[in-house]
Amino acid sequence: MQKIFFEIQIDAPTEKVWDVLWSDITYRQWTTAFTEGSFYQGTFEEGSIMKFFDPKNNGMYSRVEKNIPHKELKLLHLGEIYDGVETPQDWGEATEAYILEETETGTILKIEIQTPEEFKTFFEEKFPIALGIVKNLSENQL
């Protein structure tokens, strides 16, 4: 399992950054960095299952491990979805955490990922692009 960290300063309050991350419309915008047309189904309640899809209904499903609104959301990735069918994967502790820290000028958004080696390069290429979009949306939609 590989650990990857990303961090970005955003000149907007934590509530705004949180809304950009998890509101349906803006989620679809910043996740274009990974796959054009991405969307999710489910709720972000702790213990619930979230499904993350591309336009062809392929993607992954995850359990919400932690949700402290405007502060932290942590997902445990459980498996893949192909043609709408869930297939469990033995990824161990494959997690994705979004941590928001309030600062005097806005928010520091930290991403902490534990991922199998096979996904490391993908995340290293795509997450900086995604975070740039989150920053832009957060700062320009105040």
Side-chain angles (χ1 to χ4, degrees), residues 1-82 84-89 91-142:
M1 198 65 65
Q2 299 290 311
K3 289 187 178 184
I4 315 169
F5 301 93
F6 302 96
E7 184 175 309
I8 191 167
Q9 170 68 42
I10 300 173
D11 297 328
T14 56
E15 294 83 5
K16 179 63 182 172
V17 176
W18 184 268
D19 288 345
V20 166
L21 286 170
W22 309 121
S23 294
D24 180 56
I25 293 170
T26 48
Y27 174 87
R28 291 171 185 257
Q29 293 173 317
W30 71 266
T31 56
T32 59
F34 302 103
T35 302
E36 188 78 34
S38 294
F39 66 100
Y40 63 78
Q41 291 179 346
T43 68
F44 288 103
E45 292 178 37
E46 284 186 16
S48 69
I49 300 295
M50 290 294 299
K51 297 179 182 181
F52 301 93
F53 293 102
D54 68 12
K56 297 177 182 172
N57 281 331
N58 298 321
M60 62 189 299
Y61 63 101
S62 309
R63 183 173 55 242
V64 179
E65 295 286 289
K66 184 187 282 189
N67 184 346
I68 304 169
H70 310 128
K71 294 198 182 303
E72 183 176 358
L73 183 78
K74 183 176 181 180
L75 302 166
L76 174 65
H77 300 308
L78 302 173
E80 297 175 319
I81 304 170
Y82 289 106
V85 178
E86 296 176 14
T87 306
Q89 298 294 317
W91 289 328
E93 287 295 310
T95 58
E96 204 169 310
Y98 296 78
I99 301 156
L100 289 74
E101 294 180 3
E102 190 173 351
T103 67
E104 288 183 15
T105 59
T107 303
I108 294 175
L109 173 58
K110 297 179 179 181
I111 311 294
E112 297 178 1
I113 299 172
Q114 289 194 132
T115 182
E117 178 74 36
E118 63 190 283
F119 300 118
K120 183 176 186 272
T121 302
F122 176 79
F123 285 137
E124 289 174 338
E125 291 174 1
K126 303 297 184 177
F127 251 106
I129 297 166
L131 291 179
I133 298 170
V134 170
K135 178 179 174 70
N136 185 45
L137 289 169
S138 299
E139 292 177 352
N140 293 313
Q141 292 187 2
L142 296 175

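Worth saying up front: this structure is predicted, and the values here are computed from it rather than measured.
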Under the criterion side-chain contact (heavy atoms from CB on, under 4.5 Å), I'd like the reasoning laid out for Q89 against H77: C-alpha separation, chi angles, the key distance, then a yes or no. CA-CA 9 Å; Q89 298 294 317; H77 300 308; over 6 Å; no
Is there a side-chain contact (heavy atoms from CB on, under 4.5 Å) between L75 and F52 once you walk through the steps? CA-CA 11 Å; L75 302 166; F52 301 93; 3.8 Å; yes
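When all heavy atoms of G79 and W91 are compared, the closest pair comes out as N-CZ3, 3.6 Å. Here the closest heavy-atom approach between residue T31 and residue S38 is recorded as OG1-CB, 3.3 Å. Shortest non-hydrogen contact noted between L76 and G92 is CD1-O, 3.8 Å. Residues Y61 and E80 share a closest heavy-atom pair of CE2-O, 3.7 Å. The two atoms that bring A12 and S138 nearest to each other are CB-O, 3.6 Å, heavy atoms only. What you find for A33 and I133 is that their closest heavy atoms are CB-CD1, 4.3 Å.
Contact annotation: the side chain of W18 never approaches that of T107 to less than 4.5 Å [non-hydrogen atoms, C-beta and beyond]. A 4.5 Å side-chain heavy-atom check between F44 and M50 finds at least one atom pair inside the cut-off. For the pair L21 and Y27, the minimum side-chain heavy-atom distance is 4.5 Å or more. Counting heavy atoms from C-beta on, the side chains of L137 and Q29 come closer than 4.5 Å. A heavy-atom distance below 4.5 Å is not found between the side chains of F127 and I4. Side-chain contact between I81 and N57 is absent, with no heavy atoms from C-beta onward closer than 4.5 Å.
With sequence neighbours excluded, the residues that form a side chain to side chain contact (heavy atoms under 4.5 Å, CB included) with D19 are S23. With sequence neighbours excluded, the residues that form a side chain to side chain contact (heavy atoms under 4.5 Å, CB included) with T105 are Q9, D11, T103.
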Distance-only donor-acceptor hits, side chain of residues 114-121, under 3.5 Å, sequence neighbours excluded:
unit_1, atom_1, unit_2, atom_2, d
Q114, NE2, E93, O, 2.9
E117, OE1, Q2, NE2, 2.9
K120, NZ, E124, OE2, 2.8

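Remark: of the listed residues L131, V134, L100, V20, V134 is the sole one forming a side-chain contact (heavy atoms from CB on, under 4.5 Å) with I10.
To the nearest 0.5 Å, atom CD1 of residue I113 and atom CE of residue M1 are 12.0 Å apart. To the nearest 0.5 angstrom, K74 atom NZ is 11.0 Å from R63 atom CZ.
The backbone N or O of N67 lies less than 3.5 Å from a partner atom in the side chain of E46, making a donor-acceptor pair. Side chain of T14 to main chain of E102: no donor-acceptor pair is present (N/O by atom type, distance under 3.5 Å, no hydrogens or angles). Not a single donor-acceptor pair under 3.5 Å links the side chain of N58 to the backbone N or O of D54. Under a 3.5 Å cut-off, the side chain of Y40 and the backbone N or O of W22 do form a donor-acceptor pair.
The number of heavy-atom neighbours closer than 6.0 Å to OH of Y82, taken from other residues, nucleotides and ligands shown, is 12 or below.
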